[in-house]
Amino acid sequence: TQLPNPLKEGFLVSGSNPAVTYAGSISKNNAGRLISISTLSGGSITFSGALSSTATSTGIAVSNNTAGTVAFTGTKTLSGTGDAITITGNSAPVNVQFTNGALGITTTTANGITYTGAGTVTRSGSGSSHYATPGKGISHAASGAHRPARELSATAPEGPGWWAPR
């Protein structure tokens with residue numbers, strides 16, 4: 001199954017306590033989010049297929065959730081003019097996972113990753129992480145600064161589980 005270049009969000013989950021697994025690929029090269037997950041009160045969502053966001057697409061957003069787990073386990077290739085990954089306004093029991101599969105982020109002037117609020121964000125498993133980001137790398141509210149991707153490591157001020165460039 002493929003979701004090629006939808007007019008709005010490539011995949012949208014808003015509200016509730018879902019149990020969703022999507023194994024197909026999603027690609028987007030026009031305005032709007034590749035994936036938008038918001039206002040969850042629990043549950044689990046897993047994307048195991050290839051994800052691709054380019055041009056004016058604004059990548060992946062996981063925002064304003066009070067509980068739940070969102071896992072991205074396939075290859076993720078995110079590039080464009082906006083933030084590639086936005087994780088904001090979540091509560092402590094929210095868990096966002098980037099596991100297995102490669103994670104490639106390229107931005108021009110925006111953040112590769114914007115993370116504010118509570119919850120846990122992790123990157124683990126097989127596959128490499130790669131940043132070609134002349135933009136700001138990772139913006140993390142707790143660190144108080146933008147950090148270029150080349151400075152990131154598993155022991156960076158952002159904490160364990162953050163990405164190391166290859």
Side-chain angles (χ1 to χ4, degrees), residues 1-107 110-131 138-142 158-163:
T1 303
Q2 296 180 339
L3 296 176
N5 213 26
L7 293 177
K8 294 192 177 195
E9 290 90 353
F11 203 105
L12 169 68
V13 179
S14 181
S16 81
N17 186 2
V20 175
T21 299
Y22 182 72
S25 64
I26 307 172
S27 61
K28 187 160 178 61
N29 67 8
N30 56 11
R33 294 274 181 209
L34 175 68
I35 295 173
S36 181
I37 309 296
S38 64
T39 62
L40 300 182
S41 58
S44 176
I45 301 171
T46 301
F47 295 93
S48 60
L51 305 177
S52 173
S53 171
T54 62
T56 57
S57 173
T58 49
I60 296 170
V62 179
S63 58
N64 302 315
N65 299 292
T66 58
T69 297
V70 181
F72 301 94
T73 64
T75 299
K76 296 132 315 253
T77 306
L78 309 170
S79 65
T81 56
D83 291 358
I85 300 172
T86 305
I87 302 168
T88 59
N90 297 303
S91 299
V94 175
N95 185 7
V96 181
Q97 304 168 351
F98 295 90
T99 62
N100 303 322
L103 173 63
I105 295 177
T106 304
T107 64
N111 295 313
I113 300 169
T114 296
Y115 173 49
T116 62
T120 303
V121 180
T122 57
R123 166 73 177 112
S124 63
S126 64
S128 62
S129 297
H130 173 70
Y131 291 91
I138 290 180
S139 172
H140 186 299
E158 286 79 6
W162 284 99
W163 293 264

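Counting begins at 1 with the first residue of the sequence.
Atoms CD1 and CZ, on Ile26 and Phe47 in that order, are 5.5 Å from each other to the nearest 0.5 Å. Here CZ of Phe72 is found 6.0 Å from CD1 of Ile37. Values are rounded to the nearest 0.5 Å. Interatomic distance, Leu34 CG to Lys76 NZ, rounded to the nearest 0.5 Å: 12.0 Å. Taking OG from Ser41 and CG from Asn17, the interatomic distance works out to 5.0 Å, rounded to the nearest 0.5 Å. To the nearest 0.5 angstrom, Ile60 atom CD1 is 5.0 Å from Leu78 atom CG. Note that OG of Ser14 and CG of Leu12 are 6.0 Å apart. Values are rounded to the nearest 0.5 Å.
In terms of heavy-atom proximity, Ser48 sits nearest to Ala23 at OG-CA, 3.3 Å. The minimum heavy-atom distance linking Pro18 with Gly42 is given by the pair CD-O, 3.5 Å.
Residues forming a side chain to side chain donor-acceptor pair (under 3.5 Å) with Asn30 (at least two apart in sequence, or on another chain): Lys28.
Thr56 places a side-chain N or O within 3.5 Å of a backbone atom of Ala31 that can act as its donor or acceptor partner. Under the 3.5 Å distance criterion, the side-chain polar atoms of Ser57 are left unmatched by any main-chain donor or acceptor of Arg33. No donor-acceptor pair under 3.5 Å is formed between the side chain of Thr66 and the backbone N or O of Thr39. For the pair Asn90 (side chain) and Asn65 (backbone), a donor-acceptor distance under 3.5 Å is present.
Evaluated for a side-chain hydrogen bond (donor to acceptor under 3.5 Å, both in side chains) with Thr114, the options Thr86, Asp83, Thr88 yield exactly one hit, Asp83.
Between Tyr22 and Phe11, the angle of the ring planes lies from 30° to 60°, which puts this pair in the tilted group.
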(request) Start with the C-alpha distance between Phe98 and Ile85, add both sets of side-chain angles, then the distance that settles side chain to side chain contact (heavy atoms under 4.5 Å, CB included), and finish with yes or no. (result) CA-CA 11 Å; Phe98 295 90; Ile85 300 172; 3.8 Å; yes

(request) Decide yes or no on side chain to side chain contact (heavy atoms under 4.5 Å, CB included) for Thr46 and Ser44, but give the supporting numbers first. (result) CA-CA 7 Å; Thr46 301; Ser44 176; 4.2 Å; yes

(request) Apply side chain to side chain contact (heavy atoms under 4.5 Å, CB included) to the pair Leu40 and Ile45, showing each step before the final yes or no. (result) CA-CA 10 Å; Leu40 300 182; Ile45 301 171; 3.7 Å; yes

